[in-house]
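All values reported here derive from a predicted model rather than from experimental measurement.
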Amino acid sequence: MRVVWTDPFLRASTAMIGLSNVVIQVVLLLILLELKNSDHPPWTVGLVLGMAGVGGIAGAALATWLIARIPSQLGYRRALWAWTAAGADRVQRQSLCACRVLGWGRLRGRCQ
């Protein structure tokens, strides 16, 4: 903790990665909830969870290669922008889904 706390880049990146992990887990939970509520077969839940695992293994396998070729700060910035671009078109749908799950739609009349 002392090393992370004394380095501004590590401190900021640790906080951002922690927050992004929370967001990713919430999105995964919303996807699984949507699969369950839309009467998809049970194997689709396993497929979604399995693909998340495959993505983690692929990322771990590529990490050493990427670290050797791309400076850490540049790689981190590119990764954040890539996540932003990948999620930009889904923001509206995820917001509506979160609205439904949390019950805000009934309170505010924005979601049905």
Applying side chain to side chain contact (heavy atoms under 4.5 Å, CB included) to Asn21 and Ile17, what does each step give before you reach the verdict? CA-CA 6 Å; Asn21 280 336; Ile17 289 170; 3.8 Å; yes

Mark yes or no for whether Arg11, through its side chain, and Val4, through its backbone, hold a donor-acceptor pair below 3.5 Å. no

Tell me whether Leu74 is reachable from Leu62 by hopping between hydrophobic residues (I, L, V, M, F, W, Y) whose side-chain heavy atoms are closer than 4.5 Å. yes

Path from Leu29 to Leu47 over hydrophobic side-chain contacts below 4.5 Å: no

Distance in Å, Ser72 OG paired with Leu66 CG, rounded so as to fall on 0.5 Å steps: 10.5 Å

Output for pair (Met51 CE, Leu28 CG), nearest 0.5 Å, gives 12.5 Å

Using the rule that Ile, Leu, Val, Met, Phe, Trp and Tyr join whenever any side-chain heavy atoms are under 4.5 Å apart, tell me whether Trp5 and Leu19 fall into a single cluster. no

Nearest 0.5 Å please: distance from the CZ atom of Phe9 over to the OG1 atom of Thr14. 9.0 Å

Apply side chain to side chain contact (heavy atoms under 4.5 Å, CB included) to Leu30 and Glu34, showing your working. CA-CA 6 Å; Leu30 290 173; Glu34 187 67 30; over 6 Å; no

Ignoring hydrogens and geometry, is there a side-chain-to-backbone donor-acceptor pair from Thr44 to His40 under 3.5 Å? no

